[in-house]
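A quick write-up on the structure given underneath.
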Amino acid sequence: MRTQVGIVGAGPAGLLLARLLQRAGIDTVVLESRSREEIEATIRAGVLEQGTVDMLNECGVGARMMREGALHRGIELRFGGRAHRIDLAALTGGRAIMVYAQHEVIKDLVAARLESGGRILFGVEGVSLQDVDTRAPSIHFRRNGGAERLECDFIAGCDGFHGVSRPTIPSRLRREFVRSYPFGWLGILVEAPPSSDELVYAWHERGFALVSTRSPQIQRLYVQCDPQDVLEQWPDERIWTELRARLATTDGWKLREGRIFQKGVVAMRSFVVEPMQHGRLFLAGDAAHIVPPTGAKGLNLAAADVRVLARALAAFYRSGDEAPLAAYSAVALRRVWRAEHFSWWMTSMLHRFHDDDAFSLRLQRAQLEYVAGSRAASTSLAENYVGLPWD
Ligand code: RFL
Ligand code: PHB
């Protein structure tokens, strides 16, 4: 088999890249280790930046998102029993965010690709990348028991944090930057009406809590937990007790409860690899960087990476110009590090770090009061949260 760009991974990064390249007339094959059913059922992100929304619309896959997603013009910071609204739109010249689940984005991208005759090979095994530092790289894999090879001009490593692409770059040529956090998030899906019109990021001495949504009938909630916790430690009643305590306000706000039908624990990590390229292998999305979910940046960064990469590949195929490809890593990393900082900052401001550190709690409260009370500080949060301009 042969293609122009071989794409490893059918997550947001891989599928969006395939879509952008298809529109530029560039042939691609997407290889995915899981099944279509599995990728369409994996519960992850919910918040899309304005720029990601625009990008999905521009490439013709935004119709259902515009119908079924929820546009939010503000978020709430909650601490000291009080709500403090950050008016995203007013602070950023009208920009907003869309709450629309990542697996719905995946469904829309898979449907559009298959409808337009694009290739996605699901359930591939034993993927390995060969000759990436030559002009004729290839991807070796097994499918239906047989060994196959995909010859490419370029390979896009969009296979997430645990994929094979990043380790293909020799360790002496890459540098990894890591920070892990002493906590995780327990995330649940609940059958209930929304408790709030906007997302609530709550700081509390018992730990962080987040109120998000999926639809008028289904809500997404998170509580800070120990990253080692197993689900048996979190019976429904304990989750509701923590959510009620951490989200309580003095004005009688009520948490709408219901049947919990999905639970999961997520560890928190910040991670960046430099460079994001080796020869003709280009990394995009979680394969190259991870952020803790507090800033809602992971999927959005994946979209930003593939936008830069698609443009660089289009320039190459149009005119043979290799300069944008050579600049890919440096250009992408500028946005990556901004999002790394924002995500670390939000995480540090909102989570309980140590049991006995009263000084840190006071600092967090001072910071929250400043962010909520100062137009300059809330503008800084708002412009990062809705996403800084692309170029
Ligand atoms: P993905 O989504 O991990 O997709 C990688 C795909 O590659 C496949 N794969 C392979 N395929 C072939 N061969 C191999 N050897 C392979 N190895 C792996 C995998 O099966 C998979 O299908 O990476 P991608 O595309 O870079 O997308 C990144 C995003 O998924 C991630 O950053 C976000 O989910 C992060 N995130 C959030 N991001 C946001 O922008 N806004 C949010 O509100 C938000 N909330 C979240 C989040 C992540 C969370 N979790 C679970 C970590 C909330 C949570 C709880
Ligand atoms: C979500 O709805 O899953 C979500 C929302 C905001 C975040 C992270 C996740 O910061």
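Order of appearance sets the numbers: ligands from 1, and atoms from 1 within every ligand.
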ask   = Tell me, which protein residue and heavy-atom name are nearest atom 18 (C) of ligand 1, and how many Å apart are they?
value = Asp159 O, 3.1 Å

ask   = By number and element, which atoms of ligand 1 are closer than 4.0 Å to a non-hydrogen atom of Lys297?
value = 39 (C), 40 (O)

inquiry  = I need the single residue from Leu31, Val29, Val30 that forms a side-chain contact (heavy atoms from CB on, under 4.5 Å) with Ile120. Which is it?
reply    = Val30

message = Looking at every non-hydrogen atom in both residues, tell me the closest pair between Arg19 and Gly60 and how far apart they are.
response = NH2-O, 3.9 Å

request  = Look only at interatomic distance and state if Ala287 has a nitrogen or oxygen under 3.5 Å from any nitrogen or oxygen of ligand 1.
outcome  = no

message = Counting non-hydrogen protein atoms only, what is the nearest one to atom 3 (O) of ligand 1? Give residue, atom name and distance.
response = Arg44 NH1, 3.0 Å

inquiry  = Quick one about Arg174 and Thr168 (side-chain donor to acceptor, distance below 3.5 Å, no hydrogens or angles considered), yes or no?
reply    = no

remark   = Note: ligand 1 atoms sitting under 4.0 Å from heavy atoms of Pro12 are 2 (O), 24 (P), 25 (O), 27 (O)

key: Distance-minimising heavy-atom pair for Trp390 and Thr52   = CZ2-N, 3.8 Å

inquiry  = Under a 3.5 Å threshold, yes or no: a donor from one side chain and an acceptor from the other, between Tyr201 and Tyr385?
reply    = yes

inquiry  = I need the full list of salt bridge (charged side-chain N to carboxylate O under 4.0 Å, His left out) pairs touching residues 126-135, with sequence neighbours left out, sorted by first then second residue.
reply    = Arg135-Glu322

message = Suppose I only count heavy atoms of Gly163 and a 4.0 Å limit; which atoms of ligand 1 are within that range?
response = 17 (N)

inquiry  = Geometry only, no angles: is Ile39 polar-contacting ligand 1 at N/O separations under 3.5 Å?
reply    = no

remark   = closest protein heavy atom to atom 52 (C) of ligand 1 is Val266 CG1, 3.6 Å

key: Nearest-neighbour protein heavy atom for atom 9 (N) of ligand 1, which is reported as residue plus atom name and distance   = Ser33 OG, 3.6 Å

query = Near ligand 2, which residues have a heavy atom under 4.0 Å away from one of its atoms?
reply = Arg44, Gly46, Val47, Trp185, Leu199, Tyr201, Leu210, Ser212, Arg214, Arg220, Tyr222, Pro293, Thr294, Ala296

request  = Using a strict cut-off of 4.0 Å, indicate which atoms of ligand 1 neighbour a heavy atom of Gly298.
outcome  = 32 (O), 35 (C), 38 (N), 39 (C), 40 (O)

ask   = Which distance, rounded to the nearest 0.5 Å, do you find between the CD1 of Ile188 and the CZ of Arg220?
value = 8.5 Å

Nitrogen or oxygen of Gly46 less than 3.5 angstrom from that of ligand 1 = yes

request  = Any chance you could measure Arg307, atom CZ, to Leu17, atom CG, to the nearest 0.5 Å?
outcome  = 13.5 Å

ask   = Does the side chain of Trp203 come under 3.5 Å of the side chain of Gln364 through a donor N or O and an acceptor N or O?
value = yes

ask   = More than 12 heavy atoms of other residues, nucleotides or ligands under 6.0 Å from CZ of Arg2: is that the case?
value = yes

note = Among non-hydrogen protein atoms, atom 33 (C) of ligand 1 lies closest to Gln102 OE1, 3.4 Å

inquiry  = Is it the case that over 12 heavy atoms from other parts of the model lie below 6.0 angstrom from the CZ atom of Arg85?
reply    = yes

request  = Heavy-atom contacts with Gly285 under 4.0 Å: which atoms of ligand 1 show up? List them by number with element.
outcome  = 26 (O)

ask   = Under a heavy-atom criterion of less than 4.0 Å, does Phe161 contact ligand 1?
value = no

remark   = Contact region, Thr42 to ligand 1, non-hydrogen atoms below 4.0 Å, reads neither

Arg82 NZ/CZ over Trp253 ring centroid, <6.0 Å and within 45° of normal = no

Asp229 vs Leu186, side-chain contact (heavy atoms from CB on, under 4.5 Å): CA-CA, chis, key distance, verdict = CA-CA 9 Å; Asp229 279 355; Leu186 172 80; over 6 Å; no

ask   = His289 and Asp305: side-chain donor and acceptor closer than 3.5 Å?
value = yes

task = Classify the side-chain pair Gln219/Thr213 by whether it contains a donor and acceptor separated by less than 3.5 Å.
result = yes

ask   = What residue and heavy atom of the protein are closest to atom 53 (C) of ligand 1, and at what distance?
value = Tyr222 OH, 3.7 Å

query = In terms of residue, atom name and distance, what is the protein heavy atom nearest to atom 42 (C) of ligand 1?
reply = Ala45 CB, 3.2 Å

note = Near Leu31 (heavy-atom distance under 4.0 Å), the atoms of ligand 1 are 11 (N), 12 (C)

inquiry  = I'd like to check whether Trp185 has a polar contact with ligand 1, where a contact means an N/O of the residue lying under 3.5 Å from an N/O of the ligand.
reply    = no

key: Nitrogen or oxygen of Arg220 less than 3.5 angstrom from that of ligand 1   = no

message = Just verifying a value: how many Å separate Glu257 CD and Glu237 CD, rounded to the nearest 0.5 Å?
response = 7.5 Å

message = Does any N or O of ligand 1 fall below 3.5 Å from an N or O anywhere on Arg34, backbone included?
response = yes

request  = Only pairs at least two apart or in different chains count here, so list each ring pair (Phe, Tyr, Trp, His ring centres under 6.0 Å) that has a residue in residues 81-133.
outcome  = Phe79-His84

key: Modelled atom types, side-chain donor and acceptor of Thr249 and Asp251, under 3.5 Å   = yes

request  = Have a look at ligand 1 and work out which part of Asp286, if any, has a heavy atom under 4.0 Å from it: side chain, backbone, both or neither.
outcome  = both

message = Checking Trp337 against Glu274: is there a side-chain donor and acceptor pair closer than 3.5 Å?
response = yes

ask   = Looking at atom 21 (C) of ligand 1, what's its closest protein heavy atom, distance included?
value = Glu32 OE1, 3.5 Å

ask   = For ligand 1, does Phe141 get within less than 4.0 Å through its side chain, its backbone, both, or neither, judged by non-hydrogen atoms?
value = neither

request  = Output the list of atoms in ligand 1 that are nearer than 4.0 Å to some heavy atom of Gly160, sorted by atom number.
outcome  = 3 (O), 5 (C), 23 (O)

message = Could you list the cluster mates of Phe261? Members are the ILVMFWY residues connected by side-chain heavy atoms closer than 4.5 Å, either directly or through other members.
response = Ile43, Leu189, Ile218

query = Which atoms of ligand 1 are found less than 4.0 Å from any heavy atom of Cys158?
reply = 5 (C), 6 (C), 7 (O)

inquiry  = Pairs of nitrogen or oxygen atoms closer than 3.5 Å, one from Val124 and one from ligand 1: do any exist?
reply    = no

ask   = Looking at ligand 1, does any of its N/O atoms fall within less than 3.5 Å of an N/O of Val47?
value = yes

message = Tell me whether Gly187 reaches ligand 1 (any heavy atom closer than 4.0 angstrom to a ligand atom).
response = no

